[in-house]
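I have placed the structure first, in the form of structure tokens, so that the comments after it can refer back to it.
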Amino acid sequence: PPLYKQRYFFVKDIVNQYKPKKVADLGCGNATLLCMLKFHSCVQELVGVDLLMDRLLDWNSDKLSPSIGDHLGPRDLDLSIVLYRGSAVEKDSRLLGFDLITCIELIEHLDSEDLAKFPEVVFGYFSPGMVVISTPNSDFNPLFPASTFRNSDHKFEWNQTQFQHWASNVAKLYSYTVEFTGVGAPPPWAKHVGYCTQIGIFKKKQPDPGSWILAKPTGSRISEPEEHVYQVVFTASF
Ligand code: SAM
């Protein structure tokens with residue numbers, strides 16, 4: 001399958017493995033990934049956020065809405081889908097409390113100012129159980145016929161060392177673990193270049209059981225002031 005589909009299948013595998021109830025996709029584009037995830041019965045809440053939502057409304061709102069098939073085979077659990085127009089570097093309290101947040105081919109579209117805000121918003125404030133971030137691996141680029149950026153809107157393309165350095169620092173700062181993998185394996189004669197798309201899987205560290213008295217009570221976020229900055233552009237419930 002083409003690379004973009006391999007990225008979606010990668011996320012589907014993560015969802016099958018970890019069974020998150022609440023999943024948000026930042027930079028969801030035309031929401032193809034969300035359309036695929038609505039068939040996972042563990043998922044009860046799906047949220048997409050993107051700066052631009054026009055493409056989506058033309059393309060995929062039909063596929064996100066309940067269809068005849070959805071009613072013929074009812075789900076055991078309810079599912080709600082909400083799409084917001086907003087930026088992944090702005091805080092909105094409706095993104096608190098998620099099990100999984102995915103950022104598929106998003107970070108390379110952030111300028112240096114937004115990239116600097118991104119970790120504090122996603123890891124520090126949204127603080128989900130798990131984060132999956134994918135981005136192009138520039139070590140792979142020499143294997144392409146023309147060696148420039150893969151997309152003119154990319155602000156940067158990191159090699160494996162750069163991505164892993166950034167991701168490890170973010171993980172350390174916000175108490176997550178991080179593992180690296182990818183999709184789009186290199187040919188056998190160029191193993192050293194790594195995957196075409198590099199992926200970091202971040203998992204929030206559980207507080208040390210001995211320090212529970214010092215830890216913030218669970219749900220302490222709920223008492224924080226509501227901040228609604230994003231604009232709702234689509235909702236569906238099943
Ligand atoms: N994740 C989708 C996929 O894999 O098919 C789309 C990836 S596309 C390369 C990057 C997306 O990020 C675009 O839809 C763009 O509008 C969105 N985007 C760029 N900057 C953003 C920001 N600050 N907040 C939210 N979305 C953003």
Side-chain angles (χ1 to χ4, degrees), residues 1-40 42-50 81-84 86-89 95-110 114-115 117-137 140 150 154 156-158 160 162-185 194-206:
L3 199 61
Y4 75 93
K5 282 199 183 147
Q6 292 185 46
R7 290 191 284 261
Y8 301 152
F9 287 133
F10 181 88
V11 175
K12 274 174 77 76
D13 284 345
I14 293 269
V15 169
N16 279 329
Q17 196 180 338
Y18 293 95
K19 311 255 180 271
K21 292 193 177 87
K22 298 179 67 166
V23 181
D25 188 28
L26 306 182
C28 64
N30 66 10
T32 307
L33 176 61
L34 296 174
C35 289
M36 291 169 74
L37 295 181
K38 82 173 195 178
F39 297 107
H40 289 254
C42 59
V43 178
Q44 295 169 36
E45 199 173 326
L46 274 179
V47 162
V49 179
D50 205 290
I81 303 181
V82 184
L83 299 179
Y84 298 107
S87 170
V89 302
L95 269 283
L96 297 177
F98 277 71
D99 302 304
L100 170 65
I101 291 187
T102 54
C103 307
I104 305 304
E105 308 296 277
L106 167 69
I107 59 169
E108 66 277 8
H109 295 269
L110 303 178
D114 282 351
L115 183 69
K117 290 183 203 154
F118 175 89
E120 210 274 304
V121 174
V122 174
F123 292 86
Y125 179 73
F126 297 157
S127 191
M130 221 170 143
V131 182
V132 172
I133 295 181
S134 86
T135 193
N137 162 22
F140 197 98
R150 298 181 199 178
H154 288 176
F156 59 87
E157 285 180 359
W158 278 336
Q160 297 169 94
Q162 290 168 313
F163 177 57
Q164 292 182 15
H165 178 76
W166 175 84
S168 304
N169 277 335
V170 169
K172 200 168 154 198
L173 201 55
Y174 295 100
S175 294
Y176 281 74
T177 60
V178 60
E179 297 158 53
F180 299 100
T181 176
V183 295
Y195 292 100
C196 189
T197 297
Q198 44 188 346
I199 298 177
I201 304 175
F202 302 77
K203 295 178 193 151
K204 187 146 77 174
K205 287 188 193 163
Q206 295 308 317

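Applying the side-chain contact (heavy atoms from CB on, under 4.5 Å) rule to L115 yields the partners I107, L110, F156, W158, W166; only residues at least two apart in sequence or on another chain are considered. Remark: H154 engages H109 in a ring-ring contact (aromatic ring centres under 6.0 Å, His included) (not counting sequence neighbours). Remark: Y174 pairs with no residue by the ring-ring contact (aromatic ring centres under 6.0 Å, His included) rule, at least two apart or across chains. Annotation: side chain to side chain donor-acceptor pair (under 3.5 Å) contacts of E120 (sequence neighbours excluded): K91. Annotation: side-chain contact (heavy atoms from CB on, under 4.5 Å) contacts of C35 (sequence neighbours excluded): N60, K63, L64. Listed by chain and residue number, F123, V131, I133, A167, A171, Y176, V178 satisfy the side-chain contact (heavy atoms from CB on, under 4.5 Å) test with F202 (two or more places apart in sequence, or in another chain). In this structure F118 satisfies the ring-ring contact (aromatic ring centres under 6.0 Å, His included) test with no other residue, sequence neighbours excluded. A search for ring-ring contact (aromatic ring centres under 6.0 Å, His included) contacts involving Y4 returns Y8, not counting sequence neighbours. For T197, the side-chain contact (heavy atoms from CB on, under 4.5 Å) test picks out L3, R7, E105, S134, V183, I199, with sequence neighbours left out.
Nearest heavy atom pair, residue S87 against residue V49, reads N-CG1, 4.4 Å. Between D99 and P20, the closest heavy-atom pair is CB-CB, 3.6 Å. In this structure, A88 and L106 approach most closely via the heavy-atom pair CB-CD2, 3.8 Å.
Rounding to the nearest 0.5 Å places CG of L95 at 12.0 Å from OG of S127. The distance from atom CG of L46 to atom SG of C28, rounded to the nearest 0.5 Å, is 10.5 Å. We find the CG-NZ distance between N169 and K172 to be 7.0 Å, quoted to the nearest 0.5 Å. Atom CD of Q160 and atom CD of Q162 lie 10.5 Å apart (nearest 0.5 Å). In this structure, the separation between CD on E108 and CZ on F163 is 9.5 Å, given to the nearest 0.5 Å.
Here the side chain of Q6 pairs a donor or acceptor atom with the backbone of P1 at under 3.5 angstrom. When atom types are taken as modelled, the side chain of N137 and the backbone of Y195 share a donor-acceptor pair closer than 3.5 angstrom. T102 places no side-chain N or O within donor-acceptor distance of the main-chain N or O of I104, the cut-off being under 3.5 Å.
Residue K205 qualifies as enclosed at atom NZ: its count of foreign heavy atoms under 6.0 Å is above 12.
With a 4.5 Å cut-off on side-chain heavy atoms, V15 and F39 do not count as touching. L100 has its side chain out of reach of Y18: every pair of non-hydrogen atoms, C-beta onward, lies at least 4.5 Å apart. Contact check for V47 versus Y84: side-chain heavy atoms found under the 4.5 Å cut-off.
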Discussion item. The test is side chain to side chain contact (heavy atoms under 4.5 Å, CB included); show your working for M130 and I14 and say whether it passes.
Written reply: CA-CA 10 Å; M130 221 170 143; I14 293 269; 3.8 Å; yes
Check your understanding: When you look at L83 and L34, which way does the side chain to side chain contact (heavy atoms under 4.5 Å, CB included) test go after all the steps?
Key -> CA-CA 10 Å; L83 299 179; L34 296 174; 3.5 Å; yes
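Among residue pairs with one or both ends in residues 10-29, those qualifying as salt bridge (charged side-chain N to carboxylate O under 4.0 Å, His left out) are K22-E45; sequence neighbours excluded. A salt bridge (charged side-chain N to carboxylate O under 4.0 Å, His left out) check over residues 194-204, counting only residues at least two apart or in different chains, returns the pairs E179-K203.
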